[in-house]
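Contents: one structure, followed by commentary.
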Amino acid sequence: MVLPRVRFAPSPTGYLHVGGARTALFNWLFARHSGGTLVLRIEDTDRERSTEAHTKVILDGLGWLGVQWDEGPLFQGAYGSRHKADAERLVAEGKAYRCFCTREELDTQRAAAEKVGQAFRYDRRCFRLPREEVERRGAAGMPSTIRFLVDDKEIAWDDAVHGRISFQGRDLDDFVILRSDDSAIYNMAVVSDDIAMAITHVIRGDDHISNTPKQIALYRALGHQLPVFAHVPMILGPDGKKLSKRHGATAVGDYQDQGILAPAMRNFLALLGWSPGGDREVLPPDEIIALFTLEGIQKKAAVFDAAKLEWMNGQYLSALPADELVAEVRRRLEQIGLSDDGRDLRPLIDAVKARARTILQVANRVAVRLDPSRSELDEKGRALIGKMGSAFYSNLARAADALEPLGNGAWTAERLLASLKVMAESNGMKLGDAMQPIRVALTGSTVSEPVNELLEVVGAKRSLERLREVAGRERGTGSSA
RNA sequence: GGCGCUAUCGUCUAGGGGACUAGGACGGGGCCCUCUCAAGGCCCAAACACGGGUUCGAAUCCCGUUAGCGCUACCA
């Protein structure tokens with residue numbers, strides 16, 4: 001038995017979309033599961049829209065996701081002469097013919113058909129041209145395309161995800177396979193390449209189902225065995241429409257920027273339109289590979305749920321040692337112009353990551369702990385100040401007084417908690433009346449790690465400065481804490 | 001319009017004729033824990049699109065309807 005060869009074939013006309021990324025992932029998963037080979041082929045034959053920058057973005061995106069290809073990247077543009085030769089061979093064998101109709105003539109015919117409410121189908125006028133006439137026009141340098149002669153028989157295949165799908169040949173047009181400039185049309189190029197690259201399984205988006213009968217006809221005309229086709233469902237936006245830019249973040253780079261971890265993205269994407277069966281959600285990479293089969297792919301389109309992605313990222317985040325986050329957090333701190341002063345970031349990361357869902361949140365919260373003046377009052381913080389009134393400020397001042405003595409060498413979470421408890425008790429305060437103002441003064445919010453740990457991580461000097469500074473604002477409006 | 005694909009909680013899904021009082025997860029709501037939150041634990045609301053068959057029995061099989069989506073280029 002021959003090992004499978006699959007390919008991912010993006011066109012570099014835009015960024016790496018989550019839909020494309022998922023298709024790539026499924027191909028990769030299938031190849032790894034089966035011991036097969038993944039070929040990366042860049043379909044850059046649309047000269048108008050393809051750019052090198054896009055190619056690079058796609059390659060980078062795949063690299064980030066951890067989708068490793070075994071062969072390539074191959075560029076479709078390099079195979080133009082083979083595409084042309086294949087198309088011409090079909091003409092020579094009477095399976096395709098030259099068509100001299102101009103774009104304008106075709107448009108007119110199409111418009112006429114539409115006017116009568118008829119489906120347009122090329123009328124084969126050029127197919128009926130006598131051989132001498134075709135030769136005469138060719139010799140005269142008249143531009144022509146090559147059309148494939150589609151016969152009326154049924155074309156069907158057993159799709160690995162959908163089961164049997166069939167089309168009637170008579171519903172297909174005699175489609176163009178070679179342009180008048182001798183470059184191949186998509187369906188021709190794909191089939192020519194997939195044959196040349198010995199692709200055994202074509203795993204691609206659902207939107208290619210209607211191309212498949214044309215490609216099958218081409219495979220047969222070229223005398224080649226069919227690959228297995230597996231058409232994976234689309235990814236939709238929250239409104240049920242095909243996912244696109246107007247849905248916001250749809251490029252994998254967007255998620256990378258937001259601080260999504262690659263393994264989380266991979267796990268999430270794998271489960272979008274595929275299920276191993278059963279209940280498991282958070283799966284280690286090698287298990288996903290072990291479990292992955294084409295049969296587990298869903299027929300139905302799936303809505304991209306960013307909230308669930310973030311939840312999953314949170315799962316990975318809390319499982320990840322702070323050590324592995326340091327570099328990324330430092331990079332983001334630099335981006336917002338904050339130096340870490342050579343501090344060990346690990347305790348700060350540990351302090352915040354359990355409550356964070358993205359690396360971006362981790363970095364922002366680390367920044368606030370490095371420099372509490374960067375904190376911004378949120379709604380809950382503001383509400384607390386409003387509720388407590390002057391007690392907010394006086395409690396802060398008392399807390400600062402009580403904590404001051406710990407400043408030389410005894411600034412530990414344990415001692416801080418003890419002092420705070422004593423202070424609260426002797427003033428007849430509930431612990432929360434002491435804790436919450438500190439939390440708000442330091443972070444701007446009523447949500448954080450336990451206050452004593454927060455104080456420890458911020459450090460004695462910065463904590464006390466900040467506490468005193470905010471406590472002294474009572475007379476002010478406190479517009480920007 | 002033509003052709004095709006699809007149809008289980010709001011979302012991702014489990015389910016392959018009886019184990020279904022339809023399970024899990026995200027999100028939502030509540031409770032516990034707690035200085036707050038997150039995490040964790042417990043609980044609640046929430047779905048088989050509709051109509052016909054087949055069958056002793058249908059979420060599961062068949063047909064139709066409806067709806068959604070895709071394709072319908074000398075784009076990929």
Side-chain angles (χ1 to χ4, degrees), chain A residues 9-13 43-46 48-50 76 99 101-103 106-107 110 113-114 116-121 143-147 159 161-162 165-168 170-173 175-187 189-190 205-213 231 233-234 236 238 240-242 268 271-282 298-312 314-315 318 352-357 380 384 417 420-421 424 430-440 443 445-452 454:
Chain A
S11 29
T13 53
E43 307 210 323
D44 56 348
T45 47
D46 184 342
E48 299 288 303
R49 296 188 295 158
S50 298
Q76 188 163 59
C99 174
C101 295
T102 65
R103 215 186 282 254
L106 260 10
D107 286 345
R110 226 186 305 273
E114 198 172 322
V116 202
Q118 293 273 305
F120 171 73
R121 216 188 149 202
S144 66
T145 62
I146 292 178
R147 279 184 188 273
D159 195 273
V161 350
H162 293 275
I165 298 179
S166 70
F167 286 78
Q168 297 304 319
R170 78 179 92 87
D171 292 326
L172 268 35
D173 224 7
F175 55 96
V176 173
I177 54 177
L178 196 73
R179 296 186 187 90
S180 48
D181 69 357
D182 281 348
S183 66
I185 283 295
Y186 173 71
N187 285 311
V190 166
D206 242 354
D207 48 345
H208 286 287
I209 287 181
S210 39
N211 283 319
T212 306
H231 287 98
M234 308 261 77
L236 275 20
K241 305 274 190 229
K242 186 174 174 178
F268 176 76
L271 256 23
L272 200 60
W274 172 77
S275 166
D279 284 347
R280 309 209 33 211
E281 302 262 3
V282 180
Q298 220 62 228
K299 291 184 177 73
K300 193 180 73 165
V303 173
F304 189 89
D305 183 0
K308 190 159 183 175
L309 203 213
E310 290 199 359
W311 164 77
M312 183 157 293
Q315 299 289 307
S318 34
V352 301
K353 83 183 171 71
R355 261 156 295 264
R357 289 200 151 185
K380 287 176 173 177
L384 183 85
L417 180 60
L420 251 11
K421 277 183 171 166
K430 283 186 295 182
L431 194 52
D433 292 335
M435 298 292 208
Q436 284 296 63
I438 297 175
R439 176 136 44 210
V440 171
T443 69
S445 169
T446 59
V447 175
S448 83
E449 63 271 40
V451 166
N452 58 322
L454 172 67

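Residue numbering restarts at 1 for every chain, and letters A, B, ... go by the order of the sequence lines. On a predicted model such as this, the values are computed, not experimentally measured, just so you know.
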Checking all strands, does S275(A) fall into the base, sugar-phosphate, or nothing category for heavy-atom contacts under 4.0 angstrom?
sugar-phosphate
Looking only at side chains, do H231(A) and D207(A) share a donor and an acceptor under 3.5 Å apart? no
Rounded to whole Å, the NZ-C1' distance (K430(A) to U34(B)) equals 13 Å
Do the side-chain N or O atoms of R121(A) get closer than 4.0 angstrom to the phosphate oxygens (OP1, OP2) of G2(B)? no
Check: In whole Å, what separates the P atom of A49(B) from that of G2(B)?
Finding: 26 Å
Separation of C26(B) atom P from D305(A) atom CG, nearest Å, is 11 Å
Exercise for review: Select base, sugar-phosphate, or nothing to describe what S11(A) touches, counting heavy atoms under 4.0 Å on all strands.
Suggested key: sugar-phosphate
So OH of Y186(A) and NE2 of H208(A): to nearest 0.5 Å the spacing works out to 3.5 Å
* Got a donor-acceptor contact below 3.5 angstrom from the D159(A) side chain to the V161(A) backbone? -> yes
- Message: Taking the side chain as everything from C-beta on, heavy atoms only, tell me whether I177(A) gets closer than 4.5 Å to R147(A).
- Response: no
Sort me out a list of protein N/O and nucleotides 43-46 of chain B N/O pairs below 3.5 Å, or just none if empty.
none

| Should R439(A) and S448(A) count as side-chain neighbours, where that means a heavy-atom distance under 4.5 Å? | yes
On a whole-Å scale, what distance lies between the P atoms belonging to C42(B) and C5(B)? 44 Å
Item checked: C71(B) to A76(B) separation - C1' atoms, rounded to the nearest Å -> 13 Å
Rounded to whole Å, CG of D159(A) lies from P of G70(B) at a distance of 18 Å
Open item on the list: OP1 or OP2 of G40(B) versus the side-chain N and O atoms of R355(A): is any pair under 4.0 Å?
Closed with: no
pair_partner(C5(B)), Watson-Crick or wobble, both distances < 3.5 Å, evaluates to G68(B)
What contact category does G273(A) fall into here, base, sugar-phosphate, or nothing, at under 4.0 angstrom with non-hydrogen atoms?
sugar-phosphate
- Considering only the P atoms, how many Å lie between C62(B) and G16(B), rounded to the nearest integer? 16 Å
Indicate yes or no for a side-chain donor-acceptor contact from S275(A) to the backbone of L271(A) under 3.5 Å, with no hydrogens or angles considered.
no
P450(A) has its side chain closest, among A76(B), C35(B), G70(B), to C35(B)
- Task: Looking at every strand, decide which applies to T45(A) at a 4.0 Å heavy-atom threshold: base, sugar-phosphate, or nothing.
- Result: sugar-phosphate
Paired to A22(B) by Watson-Crick or G-U wobble criteria (both distances under 3.5 Å) is none
N452(A) CG to U36(B) P, in whole Å, measures 13 Å
Between U54(B) and C20(B), how far apart are the two P atoms, rounded to whole Å?
27 Å
| said: What's V176(A) touching, base or sugar-phosphate or nothing? Going by heavy atoms closer than 4.0 Å. | reply: sugar-phosphate
Taken to the nearest whole Å, CG/L236(A) to P/C12(B) is 8 Å
Answer for the Watson-Crick or wobble partner of C42(B), both distances under 3.5 Å, is G30(B)
Would you say a side-chain N or O of T446(A) is under 4.0 Å from OP1 or OP2 of C37(B)? no
Discussion item. For the P atoms, the ones on C61(B) and on C69(B), what distance do you get once it is rounded to whole angstrom?
Written reply: 25 Å
Whichever of L271(A) and D207(A) has the more 5' nearest nucleotide on RNA chain B, that residue is L271(A)
Which is true for D173(A) with a 4.0 Å heavy-atom rule: it touches a base, it touches only sugar-phosphate, or it touches nothing? nothing
Report yes if some heavy atom in the side chain of L454(A) is under 4.5 Å from a heavy atom in the side chain of T443(A); otherwise report no.
yes
Here the gap from Q298(A) atom CD to D206(A) atom CG, rounded to the nearest 0.5 Å, amounts to 11.5 Å
By the 4.0 Å heavy-atom rule, please label N211(A) as base, sugar-phosphate, or nothing. base
By the Watson-Crick or G-U definition, both distances under 3.5 Å, G16(B) is matched with none
> Reckon R110(A) has a side-chain N or O less than 4.0 Å from the OP1 or OP2 of C74(B)?
Replying inline: yes
Between the CG atom in D182(A) and the OG atom in S144(A), the distance rounded to the nearest 0.5 Å is 8.0 Å
Rounded to whole Å, the CG-P distance (L272(A) to C26(B)) equals 16 Å
Partner of U36(B) under the Watson-Crick or G-U wobble criteria, both distances under 3.5 Å, comes out as none
Atom CZ of F268(A) and atom C1' of C12(B) are separated, to the nearest Å, by 7 Å
Pairs under 3.5 angstrom, nitrogen or oxygen only, protein versus nucleotides 20-25 of chain B, please.
| unit_1 | atom_1 | unit_2 | atom_2 | d |
| --- | --- | --- | --- | --- |
| G24(B) | N2 | E281(A) | OE2 | 3.1 |
| A25(B) | O4' | E281(A) | OE2 | 3.3 |
| A25(B) | N3 | K308(A) | NZ | 3.1 |

Per atom distances to the K242(A) side chain, the nearest of G70(B), G40(B), A76(B) is G70(B)
Quick note, A307(A) side chain, CB onward, closest among C12(B), C35(B), G27(B) is G27(B)
- Message: Should the side chain of R439(A) and the base of C35(B) be counted as holding a donor-acceptor pair, with the cut-off at 3.5 Å?
- Response: yes
Student check: side-chain heavy atoms of F268(A) and F304(A) closer than 4.5 Å: yes
Regarding the side chain of H208(A), the nearest nucleotide among G70(B), G40(B), A76(B) is A76(B)
In I146(A), N187(A), T145(A), the residue satisfying side chain to side chain contact (heavy atoms under 4.5 Å, CB included) with V176(A) is T145(A)
Pairing partner of A73(B), by Watson-Crick or G-U wobble and under 3.5 Å for both distances, is none
Rounding to 0.5 Å, atoms NZ (K380(A)) and OG (S445(A)) come to a distance of 7.0 Å
Between CZ of R103(A) and P of A73(B) the distance, given in whole Å, is 12 Å
Taken to the nearest 0.5 Å, the spacing of M435(A) CE from T446(A) OG1 works out to 14.5 Å
Can you pull every protein N or O that's under 3.5 Å from an N or O on nucleotides 3-8 of chain B?
| unit_1 | atom_1 | unit_2 | atom_2 | d |
| --- | --- | --- | --- | --- |
| C5(B) | O3' | H162(A) | ND1 | 3.0 |
| U6(B) | OP1 | H162(A) | ND1 | 3.1 |
| U8(B) | OP2 | K300(A) | NZ | 2.7 |

Heavy-atom side-chain proximity of F120(A) to D173(A) below 4.5 angstrom: yes
Notebook entry, point to check: Under the 3.5 Å rule, do the base of C74(B) and the side chain of S180(A) count as making a donor-acceptor pair?
Noted result: yes
Using modelled atom types only, decide if a donor and an acceptor are shared between the side chain of R121(A) and the backbone of L172(A) within a distance under 3.5 Å.
-> yes
Contacts of L431(A) and P10(A) projected onto RNA chain B by closest heavy atom; the upstream (5') one is L431(A)
Would you call E449(A)-K353(A) a salt bridge at under 4.0 Å N-O?
no
